[in-house]
Student: 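Please find one structure pasted underneath; my questions will follow.
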Amino acid sequence: MPTYITLDSKAHKKLAIRVDKNFGHAAKFNLVSLGFNEIATISGCMPVVVTTDDTNTPQKLAAVVGWPEFGNLFCSDTLEADNLPANKHYSDDEQWQGHAVPLSIQTYPFNYAIEKDKLTVLFDQDSSLFTANDSASPSPLFASDGSPSATLKQYRSMLANLASGSAQATAYVKALLELELLSPLSITLHFKNGDTRESNGLMTINEEKLAQLDANTIHKLHTQGLLVAINAMMLSLRQYNRLVQLTRRAENPIVKIGLKTANL
Amino acid sequence: MTPIDSFVVVGGGTAGWLTAGLLAASHSLQNENGKRLTVTVIESDTVHPIGVGEGTWPTMRSTLAKIGIAESEVIKHASATFKQASKFVDWHTHQERSSYYHPFSAPQGSANIDITPYWLTNKYEAIQQYAQAVCFQPTLCDQGLAPKLGVNAKQSFSANYGFHLDAGKFITLLRNHCTNNLGVKHIVDDVTDVVTSVEGINYVTTANSGHVYGDMFVDCSGFSALLIEKALKVSMVDASNVLFSDSALVHQLPYADTHQPIACHTLSTAQEAGWIWDIGLQERRGTGYVYSSRYQSGEEATATLSRYIKAIDTNAEIPESFRKISYKTGYREKFWEKNCVSIGLSSGFLEPLEASSLMLIEQSASQLAEQLPACREVMPHVAKRFNASLTYKWQRTIEFLKLHYLLSNRNEAFWLANKAQDSIPERLQLLLEEWQYRPVLDSDFSGIDEVFSAQSYRYILYGMAHSTQVSQYARSLTKHELASKQFQLNKSLIMQLTERLPSHRGLIDTILTAQ
């Protein structure tokens with residue numbers, strides 16, 4: 001588990017960061033939480049879903065990036081995240097295998113906390129992406145005058161987007177639940193060796209319920225900017241094919257996938 | 001025909017090496033007879049450059065590109081920093097107008113609309129000062145931010161900028177580049193005699209290197225004006241009746257902390273009888289007090305500069321006396337006489353209020369390099385045009401500098417004298433009368449030899465809170481919606497940029513550590 005501590009311009013003045021174009025820290029992820037402001041870009045690359053109700057965690061907007069058998073399909077499995085040289089040259093299949101990267105992955109090894117409407121930048125002090133500010137080509141987080149570098153400002157603005165997107169996502173999921181627009185998604189994976197496996201636990205838009213909404217509600221969803229997100233979520237299920245395609249490099253890839261939405 | 005194949009540049013200061021570099025780089029190939037243009041610089045090692053020209057215009061970027069010197073070289077070898085604006089402090093005694101900016105970037109939307117008259121109607125952002133309301137750059141300067149993101153910022157945003165640089169180191173950089181890469185010949189010697197005929201200068205005699213011949217000569221010998229004045233007897237046009245300063249006290253002030261933030265603008269603070277410049281380089285500030293000895297004694301001026309320095313750093317060591325430069329404001333009656341062109345201090349002197357000195361060197365040298373006469377027979381034609389163009393540029397520059405003074409409400413004798421009608425050039429006086437009723441128009445400054453654009457005039461005029469009654473002009477203000485959008489766009493641009501740009505010191509760090 002990452003240990004996040006508050007970034008301080010004095011204590012961490014000498015800290016520098018290197019970029020991992022493979023985002024190897026996320027290599028074992030299957031699901032990534034998503035901000036509302038990311039639906040447009042991510043839905044063209046990954047399935048966008050809502051997680052099911054769990055007594056411990058509230059339902060969340062999320063992107064599917066893989067399955068337990070494969071880990072995160074967008075990460076290369078040939079690279080060791082911890083031992084990358086600072087100025088590594090990445091070949092095409094060693095880089096993130098998609099055109100979009102969820103903000104929560106991009107912002108790693110940073111995180112944020114909000115106190116009194118003010119965003120505080122945190123960082124994972126155990127992350128191997130941090131180095132002292134004197135190695136080959138990493139970007140320093142602070143200039144010698146103690147001011148934030150362009151690199152840190154970029155992370156900071158991504159964290160601000162992440163924070164606002166995640167608050168909006170909570171409101172969005174709440175609206176979907178109130179209108180009862182979510183229904184469980186059941187997935188059947190067919191592997192090359194003949195095995196099959198059912199994967200449950202995710203929810204998607206209930207198309208029938210959506211079709212039954214009255215004109216006023218549809219209009220309201222449209223003016224709130226939610227209708228486009230709802231449609232994007234439905235269309236994003238096609239990206240499961242992209243995930244299947246990405247399993248090809250594995251020993252026992254998925255050859256077929258079945259999606260079923262149980263209409264309540 | 002008598003071809004022009006060789007140039008002799010007398011003097012090796014910034015003017016000499018910039019001119020040599022521009023001549024050599026713009027004529028680097030052979031002619032059809034296989035002959036190259038030779039450029040020789042004679043540089044004395046007993047005469048030291050004045051070297052207070054430490055601020056440049058954005059034009060220096062294209063000048064350096066022409067010569068073939070990369071920006072990173074100037075940062076690494078001339079202690080250079082970025083300059084995005086001039087900030088004028090205390091040019092007014094009102095509290096609310098105690099400072100204003102003249103930024104290098106144009107106002108928002110200036111390609112499509114001049115939003116100035118809309119600002120003047122007081123309906124838009126009237127609470128904000130002019131430069132802040134129309135341009136993002138003053139905010140970047142206030143926050144000490146760099147004009148761009150990084151070294152390879154070609155692909156992304158860049159604000160307009162020039163440089164602040166260490167004149168001495170800059171000369172060394174230019175000299176090395178000219179002699180190593182551009183084939184400029186370098187003679188280190190003193191010129192002891194200049195031999196002339198009706199045709200102009202035949203040759204110069206040096207102490208140890210004999211006679212040096214050339215088809216053309218460039219006088220970059222500084223205030224001594226060895227060729228243009230001593231040999232060719234071209235006199236000066238005095239402009240001290242318009243601009244009163246005649247002295248400068250100079251002091252270099254090391255930073256208390258070597259990593260402290262660097263100002264990204266020239267600071268110019270008005271004083272009793274002039275103003276103090278303050279320029280942030282990488283390791284030190286360059287400061288100096290430009291004043292009129294008619295209105296303040298040397299002793300008082302020394303006290304004024306000492307006070308300024310003490311206010312910055314109470315521990316600063318103040319010398320008993322500062323290095324002093326005395327000068328006469330004015331310019332040559334002719335810049336090009338026979339086969340001799342004067343560039344730099346030999347051609348005249350203007351106080352460094354708008355960093356015009358390096359700019360005029362660049363303009364003169366570029367024009368010389370571009371219009372280089374092929375042979376002696378056509379030289380007078382080129383000279384005539386060159387003289388007309390440079391005279392125009394110097395006169396317009398003097399008017400623009402005067403504009404800074406005459407709108408002040410300071411009440412010391414020096415400042416009151418600056419408002420006297422007979423000290424204001426007529427052209428400027430008439431424009432000022434018109435500007436009471438209409439904004440500054442692009443067409444007020446549309447000649448091909450303009451040095452300061454209408455935009456620069458706007459930044460000064462409205463920064464100095466010149467009052468304009470636009471009640472008549474209002475009839476032509478039909479684009480309120482578009483103007484309003486520009487004011488909004490400026491605000492959002494400020495938000496975006498301040499969230500992204502590194503500090504000025506941060507950008508310098510990045511360039512210095514880049515491989």
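Naming: A, B, ... by sequence-line order, numbering from 1 per chain.
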Student: Give a yes or no on whether the backbone of B:Leu501 and the side-chain of A:Lys153 come within a donor-acceptor separation of less than 3.5 Å.
Tutor: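 Answer holds: yes.
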
Student: Hey, what do you get for CD1 (B:Ile262) to CG (A:Asp145), rounding to the nearest 0.5 Å?
Tutor: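 The CG atom of A:Asp145 is 7.5 Å from CD1 of B:Ile262, to the nearest 0.5 Å.
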
Student: Drop me the distance from A:Ser147's OG to B:Gln143's CD, to the nearest 0.5 angstrom.
Tutor: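 Spacing of OG (A:Ser147) from CD (B:Gln143) equals 11.0 Å.
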
Student: Using a cut-off of 6.0 Å, state whether more than 12 heavy atoms not belonging to B:Lys310 lie near its atom NZ.
Tutor: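 Yes, because the 6.0 Å sphere around NZ of B:Lys310 holds more than 12 heavy atoms from other groups.
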
Student: Tell me, side chain or backbone of B:Leu145 under 4.5 Å from chain A's heavy atoms, or both, or neither?
Tutor: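 Only the side chain of B:Leu145 comes within 4.5 Å of chain A.
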
Student: Using heavy-atom distances under 4.5 Å, tell me whether B:Arg505 contacts chain A through its side chain, its backbone, both, or neither.
Tutor: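 Backbone plus side chain of B:Arg505, per the 4.5 Å heavy-atom cut-off to chain A.
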
Student: Verify the neighbour count for atom CZ of B:Arg284: are there more than 12 heavy atoms of other residues, nucleotides or ligands below 6.0 Å?
Tutor: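 Yes, because the 6.0 Å sphere around CZ of B:Arg284 holds more than 12 heavy atoms from other groups.
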
Student: Would you find a donor on one side and an acceptor on the other, under 3.5 Å apart, between the side chain of B:Asp509 and the backbone of A:Ala143?
Tutor: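 Flag not set: sc B:Asp509 to bb A:Ala143 has no pair under 3.5 Å.
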
Student: Is it the case that over 12 heavy atoms from other parts of the model lie below 6.0 angstrom from the CD atom of A:Gln154?
Tutor: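 No, because the 6.0 Å sphere around CD of A:Gln154 holds 12 heavy atoms or fewer from other groups.
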
Student: With chain A, which of B:Gly144, B:Ala146, B:Ser503 has the greatest number of heavy-atom pairs at distances under 4.5 Å?
Tutor: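 Top option by heavy-atom pairs under 4.5 Å: B:Ser503.
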
